[in-house]
Visitor: 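One structure follows; several queries about it will come next.
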Amino acid sequence: MDIRAITLDLDDTLWPIAPVMARVEQRVDAWLHAHCPAVAAAWPIEAMRQLREEVTREHPQYAHDYTIQRKLTLRRAFAPFGLGEDWVEAAYAIYQDERNRVDCYADTESALARLARQLPLASLSNGNADLARIGLHRHFRFSVTAREVGVAKPDPAIFLHACERLGLSPNQVLHVGDDPALDVAGARAVGMHAAWINRDRLAWHDADAPDLDFPDLDALAGWIEAQRPAS
Ligand SMILES: [Mg+2]
């Protein structure tokens, strides 16, 4: 395996996303209660969640873009109260702020530093996390997002876009992620190598098993270091 660069998934690979999204909903709800209680009363957390699902279903063209989905949802929640774009942007800023308060897994920061010493790293995410706000951007050469490319993983185009920006062919790039379909199968379909970060030590169910299977990023960093001649 001749690996010249690594692309990394973000959510559930560098940090668990469920607690973040739960806090996001609570914080946006608290902000609505404080600033526009009528909207908060009309759209409690569960109703807002359903509204977002409805908006997403109605706009399949934005399936890859969580930012637009959120803003369309807020727009629709505010509209009956005569509240326009300023309110949408203000509420979205709360969303974005909380969305980037992630608690990384214990091994993330040190493993990224070790990996970045060995190979160029790029992030490859369907989500809208901001690595600069999170404070991890120094480890990455660049970030590829579904929002920017216009399609989400596992679409081949987003993986190929990342390889092109790295100036490498797919078989020179290792993609690392937690999701068997979005990350492992998606990357392998374009000829990239794939490492499954399997923190819960689940069994692999698909026929096409990942090239590599690690319990965490620490183990991945150890494996990469062992492959590379000491410099
Ligand atoms: Mg993930």
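Whatever order the structure lists them in is the order used to number ligands and atoms, beginning at 1.
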Visitor: Closer than 2.8 Å to the Mg ion (ligand 1), which protein N, O or S atoms?
Guide: D9 OD2, D11 O, D178 OD1
Visitor: With salt bridge (charged side-chain N to carboxylate O under 4.0 Å, His left out) as the criterion, how do D216 and R199 come out once you've worked through the C-alpha distance, each side chain's angles and the decisive distance to 0.1 Å?
Guide: CA-CA 6 Å; D216 52 31; R199 293 182 187 271; 5.1 Å; no
Visitor: Considering residues at least two apart in sequence or located in another chain, which fulfil the side-chain hydrogen bond (donor to acceptor under 3.5 Å, both in side chains) criterion with D11?
Guide: W15, R99
Visitor: Please list, chain by chain and in numerical order, all residues satisfying side-chain hydrogen bond (donor to acceptor under 3.5 Å, both in side chains) with W87, sequence neighbours excluded.
Guide: none
Visitor: Looking only at side-chain N and O atoms, does Q50 offer a donor or acceptor that is under 3.5 Å from a partner on E46?
Guide: yes
Visitor: Looking at every non-hydrogen atom in both residues, tell me the closest pair between L8 and F140 and how far apart they are.
Guide: CD1-CE2, 3.8 Å
Visitor: Only pairs at least two apart or in different chains count here, so list each salt bridge (charged side-chain N to carboxylate O under 4.0 Å, His left out) that has a residue in residues 24-37.
Guide: E25-R49, R27-D97, R27-E98
